[in-house]
J.: 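Got a structure for you, written out below as structure tokens; questions coming shortly.
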Amino acid sequence: MDIRWERGYSIRIMRYVLFLLSPFLSFAQNISIELADSKAIEFYSGKNNQICINIKNHSKYEYEIPFDKEGFSTSENEAVDDSDIGIAGFRIFKNELLIKPITGGSYGYQREPLENDTVEEKELALFTENNKTLFKQPSEFFNSYKINKRVVSLKPKENKSVCMNINLPIYKSFADDGSLLYNLEDGKMYNFQIFLSIPQKRLRKYILFPKLKSKIFTGSLVSNKILFIYKDHPDLK
């Protein structure tokens with residue numbers, strides 16, 4: 001075989017592979033997440049405290065990023081299961097030292113069935129029917145349905161704000177139906193930070209082909225830290 005032809009063929013193959021992967025070839029600096037509060041806020045125990053996150057697209061491209069708006073991850077050790085891709089986690093610090101939850105995953109919490117559950121079951125059934133050639137296992141259909149439902153679209157230079165409630169010291173998540181228990185002291189100051197990790201290889205398995213000319217964000221994002229003062233709710237004393 002002519003060496004020049006062989007090289008040309010290899011280059012064409014590489015270009016074709018890059019074309020297929022191009023929606024997933026993104027750079028972390030193109031997207032950022034930022035907590036909106038710049039001054040210390042008060043978190044009361046037993047009360048929903050609102051946290052707002054700004055998702056920013058700094059690039060000239062349209063981006064799609066899985067980002068759950070229902071809650072934060074309660075996965076232990078910051079692991080990302082397939083069904084949890086797109087669920088941001090949070091960290092709590094005291095004097096710059098990371099505080100780990102006493103326990104996590106299922107601390108005394110079993111979510112009551114919601115009206116939305118029936119709607120979600122119907123949506124999942126329709127999603128499975130419409131994409132029946134893409135997967136084989138029920139878990140794969142479920143994971144793909146959840147991940148694609150979380151996708152947030154960002155136009156070039158666009159910012160979007162997502163606000164969620166957080167309740168401490170026991171955080172109960174509607175995103176993954178888990179919970180975390182923290183040992184926090186009344187009147188003490190802490191730092192709060194969120195993070196998001198989207199593994200490219202596993203996302204490619206589940207994400208439906210993005211819109212023309214848009215890119216899918218993969219990689220890791222870490223927000224700034226904000227100060228909060230933890231206070232025992234007076235009505236609960």
Side-chain angles (χ1 to χ4, degrees), residues 23-24 33 46-53 55 62-90 101 103-154 160-168 170-181 194-212 214-218 221:
F24 299 93
I33 51 177
K47 179 183 178 182
N48 283 331
N49 306 277
Q50 191 176 74
I51 289 290
C52 291
I53 306 112
I55 310 173
E62 181 173 349
Y63 265 90
E64 295 182 7
I65 176 172
F67 196 98
D68 197 289
K69 301 176 184 178
E70 295 186 353
F72 297 104
S73 170
T74 60
S75 176
E76 294 186 75
N77 302 316
E78 300 186 0
V80 181
D81 296 328
D82 285 3
S83 60
D84 295 338
I85 293 174
I87 304 179
F90 68 86
T103 186
S106 59
Y107 177 78
Y109 174 54
Q110 185 173 2
R111 182 172 68 83
E112 295 294 328
L114 301 174
E115 292 182 8
N116 289 343
D117 291 348
T118 302
V119 175
E120 188 170 274
E121 288 175 2
K122 293 180 179 178
E123 288 179 351
L124 177 57
L126 182 61
F127 179 90
T128 302
E129 176 63 26
N130 291 339
N131 300 282
K132 56 187 177 183
T133 61
L134 299 180
F135 308 103
K136 294 181 180 180
Q137 302 300 323
S139 61
E140 294 176 321
F141 285 103
F142 176 79
N143 293 342
S144 182
Y145 162 73
K146 296 293 286 187
I147 292 169
N148 283 280
K149 191 175 180 180
R150 295 178 185 132
V151 169
V152 174
S153 296
L154 293 168
K160 282 190 176 179
S161 182
V162 175
C163 295
M164 293 184 281
N165 290 324
I166 183 166
N167 192 326
L168 296 172
I170 302 176
Y171 173 66
K172 303 174 181 178
S173 176
F174 286 100
D176 62 8
D177 295 338
S179 59
L180 297 169
L181 170 64
I194 67 166
F195 63 94
L196 179 67
S197 181
I198 303 178
Q200 183 186 103
K201 186 176 180 180
R202 283 190 283 157
L203 181 66
R204 285 179 56 204
K205 176 180 178 180
Y206 294 113
I207 198 76
L208 300 185
F209 202 79
K211 293 183 292 184
L212 187 64
S214 68
K215 295 179 178 291
I216 293 288
F217 176 83
T218 61
L221 296 172

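Heavy-atom basis, side chains included; hydrogens, waters and symmetry copies ignored. Just so we're clear, the structure is a prediction, and the values are computed from it rather than from any experiment.
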J.: Who passes side-chain contact (heavy atoms from CB on, under 4.5 Å) against L126, sequence neighbours left out?
T.: N130

J.: Is any side-chain heavy atom of L203 less than 4.5 Å from a side-chain heavy atom of P66?
T.: yes

J.: State, with a plain yes or no, whether a side-chain heavy atom of N167 is found less than 4.5 Å away from one of K172.
T.: no

J.: Looking at Y145, F141, F127, which hits ring pair (Phe, Tyr, Trp, His ring centres under 6.0 Å) with F135?
T.: F141

J.: Of the non-hydrogen atoms in S153 and K160, which two are nearest, and what is the gap between them?
T.: O-NZ, 2.7 Å

J.: The criterion is salt bridge (charged side-chain N to carboxylate O under 4.0 Å, His left out); which residues satisfy it with D68, sequence neighbours excluded?
T.: R150

J.: With a 4.5 Å heavy-atom cut-off, do I51 and F90 have their side chains touching?
T.: no

J.: Can you sort out the partners of F67 under ring-ring contact (aromatic ring centres under 6.0 Å, His included), two or more places apart, ordered by chain and number?
T.: none

J.: Examine distances only and state if a side-chain atom of S173 and a backbone atom of F72 form a donor-acceptor pair shorter than 3.5 Å.
T.: yes

J.: How would you list, by chain and number, every residue that makes a side-chain hydrogen bond (donor to acceptor under 3.5 Å, both in side chains) with N49, sequence neighbours excluded?
T.: none

J.: Going by side-chain contact (heavy atoms from CB on, under 4.5 Å), name the residues that satisfy it together with S139, two or more places apart in sequence or in a different chain.
T.: Q137

J.: Starting at CG of L181, measure out to OG1 of T74 and round the result to the nearest 0.5 Å.
T.: 12.5 Å

J.: Of all residues at least two apart in sequence or in a different chain, which pass the side-chain contact (heavy atoms from CB on, under 4.5 Å) check with F142?
T.: S83, L124, K146

J.: Holding to salt bridge (charged side-chain N to carboxylate O under 4.0 Å, His left out), I want the full list of residues that pass it with K205, two or more places apart in sequence or in another chain.
T.: E140

J.: Out of curiosity, Y171 OH to S179 OG, how far, rounded to the nearest 0.5 Å?
T.: 10.0 Å

J.: Considering only heavy atoms from C-beta outward, does the side chain of L196 approach that of I65 to under 4.5 Å?
T.: yes

J.: Applying salt bridge (charged side-chain N to carboxylate O under 4.0 Å, His left out), can you list everything that pairs with K132, at least two apart in sequence or on another chain?
T.: E129

J.: Quick one: list whatever passes side-chain hydrogen bond (donor to acceptor under 3.5 Å, both in side chains) with S73, sequence neighbours left out.
T.: none

J.: Would you indicate whether K149, at its atom NZ, is surrounded by more than 12 heavy atoms from other residues, nucleotides or ligands within a distance under 6.0 Å?
T.: yes

J.: Holding to ring-ring contact (aromatic ring centres under 6.0 Å, His included), I want the full list of residues that pass it with Y206, two or more places apart in sequence or in another chain.
T.: none

J.: Just to verify, what does Q50 make a side-chain contact (heavy atoms from CB on, under 4.5 Å) with, not counting sequence neighbours?
T.: C52, C163, N165

J.: For the atom pair CG (N148) and CG (L208), what is the distance rounded to the nearest 0.5 Å?
T.: 4.0 Å

J.: How about I85 and N143: do any of their side-chain heavy atoms sit closer than 4.5 Å?
T.: no

J.: Might you point out which heavy atoms bring V80 and R202 nearest each other, and give the distance in Å?
T.: O-NH1, 2.7 Å

J.: Can you measure from CD1 (I33) to CG (L221) and round to the nearest 0.5 angstrom?
T.: 5.0 Å

J.: A side-chain contact here means heavy atoms from C-beta on lying under 4.5 Å apart; do E64 and I216 qualify?
T.: yes

